[in-house]
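Below is one structure, written out as structure tokens, with a few remarks after it.
Source: prediction; values computed, not measured.
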Amino acid sequence: MYLHTGCQIALSPDTKYFAVDWLGVEVTRATLGIIGMGNIGYKVAQRARAFNMRILYHNRNRRKKEEEEAVGAHYCAEMKDLLQQSDFVMLVVNLTPETHKLIGKKELQLMKPRATLINISRGAVIDQDALVEALQNKVIRAAALDVTYPEPLPRDHPLLHLNNVIITPHIGTATVQAIHMMAEEAIANMLAVLNDQPIPSEVFPK
């Protein structure tokens, strides 16, 4: 992956010049496929629109027409249609028995050879052995993973030794502001329960 290799080149004591023909892939006007269009997936779509990305999404339930139009998202009833068309595929689903190894060898082979797979959900949503094989054989261009299975990966895991994958230590919400907001939301929910009031962030609505 260009960011991963670029950092190594910039820091290497052997670097004497930067190659002018070392080119990456443009995000603007590329197609982003979002698998899992819940609250987080929708926030991703809002941000992607700022880059003039074409946004496809696959979800258990289709969102309202006005919500789709607000971010310019197009619904794919079949996940394979999203995989075949997307330059970037982002996983934003909960880990359930249905989503365990949702992306395996068959799904990776449906993706474009120049596509990047991004996982910000849970590591077990991807068949990691199949992903290693796909990255090694250039079935897809690259992967960016904020989650793995297990966490952290064993130090000899092949994903750690590929130059077309970036792995971060599950830090998608690791900011001071985000932690404060989560704590405040938890407190608001507890106070609501204690005062017999509607729960602001009820997980299983009645």
Side-chain angles (χ1 to χ4, degrees), residues 27-112 115-128 130-131 134 140 143-149 151 168 170-175 178 181-182 184-186 188-190 192-193 197-206:
V27 171
T28 301
R29 291 182 293 277
T31 298
L32 170 65
I34 301 172
I35 299 176
M37 189 67 113
N39 290 335
I40 296 174
Y42 195 75
K43 292 290 186 183
V44 170
Q46 289 175 325
R47 287 154 176 75
R49 193 180 189 200
F51 290 94
N52 294 319
M53 298 188 84
R54 176 180 176 234
I55 301 167
L56 307 177
Y57 79 96
H58 174 73
N59 202 43
R60 285 178 301 178
N61 302 304
R62 184 169 183 171
R63 296 196 73 115
K64 295 176 182 177
K65 184 178 180 180
E66 55 268 29
E67 292 174 332
E68 292 180 341
E69 290 176 348
V71 294
H74 304 277
Y75 178 63
C76 292
E78 298 291 334
M79 190 172 69
K80 67 177 182 179
D81 295 331
L82 179 150
L83 294 171
Q84 289 171 334
Q85 297 180 62
S86 299
D87 301 302
F88 299 88
V89 174
M90 181 175 285
L91 302 172
V92 202
V93 296
N94 293 323
L95 178 59
T96 66
E98 291 73 30
T99 62
H100 182 257
K101 293 189 177 180
L102 179 69
I103 301 297
K105 184 173 183 177
K106 180 179 72 173
E107 290 74 25
L108 290 162
Q109 289 177 336
L110 288 171
M111 292 173 63
K112 295 179 180 180
T116 296
L117 178 65
I118 304 164
N119 189 9
I120 61 169
S121 55
R122 290 293 182 269
V125 170
I126 296 176
D127 180 339
Q128 288 184 159
L131 178 60
I140 63 171
L145 312 172
D146 188 42
V147 288
T148 58
Y149 182 79
E151 293 177 350
T168 50
H170 207 148
I171 55 173
T173 58
T175 67
M181 286 189 291
M182 285 190 282
E184 289 169 359
E185 186 173 353
N189 280 280
M190 288 186 282
V193 172
Q197 295 175 345
I199 303 170
S201 308
E202 192 171 7
V203 177
F204 299 108
K206 295 176 182 177

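Scanning all heavy atoms of the two residues, the minimum distance from P198 to A192 falls at O-CB, 3.5 Å. Shown here for A124 and Y149, the closest heavy-atom pair between the two residues is N-CB, 3.9 Å. Across A130 and G104, no two heavy atoms sit closer than the pair CB-C, 4.0 Å. For G41 against I34, the heavy-atom pair with the smallest separation is O-CD1, 3.6 Å. Between L56 and S86, the shortest heavy-atom distance links the atoms CD1-OG, 4.1 Å.
Both cation-pi conditions hold for R63 and Y42: the charged atom is under 6.0 angstrom from the six-membered ring centre and inside a 45 degree cone around its axis.
The CG atom of L82 lies 8.0 Å from the CG atom of L32; values are rounded to the nearest 0.5 Å. Between K112 atom NZ and Q84 atom CD the span is 10.5 Å, to the nearest 0.5 Å. Considering CG of D146 and OG1 of T173, their distance stands at 8.5 Å, rounded to 0.5 Å. Atom-to-atom distance recorded for M90:CE and S121:OG is 10.0 Å, nearest 0.5 angstrom. Here the straight-line distance linking atom CE of M53 with atom CG of D87 works out to 7.0 Å at 0.5 Å rounding. With values rounded to the nearest 0.5 angstrom, L117 atom CG is found 10.5 Å from E107 atom CD.
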Could you please spell out the steps behind the side chain to side chain contact (heavy atoms under 4.5 Å, CB included) verdict for Y75 and M37?
CA-CA 10 Å; Y75 178 63; M37 189 67 113; over 6 Å; no
Carefully, step by step, assess I199 and V193 under the rule side chain to side chain contact (heavy atoms under 4.5 Å, CB included).
CA-CA 7 Å; I199 303 170; V193 172; 3.8 Å; yes
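R122 is listed as a side-chain neighbour of H170, based on a closest heavy-atom distance under 4.5 Å. Between V147 and V125, every side-chain heavy-atom pair lies at or beyond the 4.5 Å cut-off. Under the 4.5 Å side-chain criterion, counting only non-hydrogen atoms from C-beta, T116 is not in contact with I140. Counting heavy atoms from C-beta on, the side chains of K106 and K80 never come closer than 4.5 Å. In this structure, the side chains of Q128 and T148 come closer than 4.5 Å at one or more pairs of heavy atoms. I103 places none of its side-chain heavy atoms less than 4.5 Å from the side chain of N119.
No side-chain donor-acceptor contact under 3.5 Å links D81 to the backbone of C76. Under a 3.5 Å cut-off, the side chain of R49 and the backbone N or O of A70 do form a donor-acceptor pair.
For the side-chain contact (heavy atoms from CB on, under 4.5 Å) test with V92, the passing option among I120, I118, I35 is I120; the others fail. Remark: of the listed residues L102, T96, L95, T96 is the sole one forming a side-chain contact (heavy atoms from CB on, under 4.5 Å) with E98.
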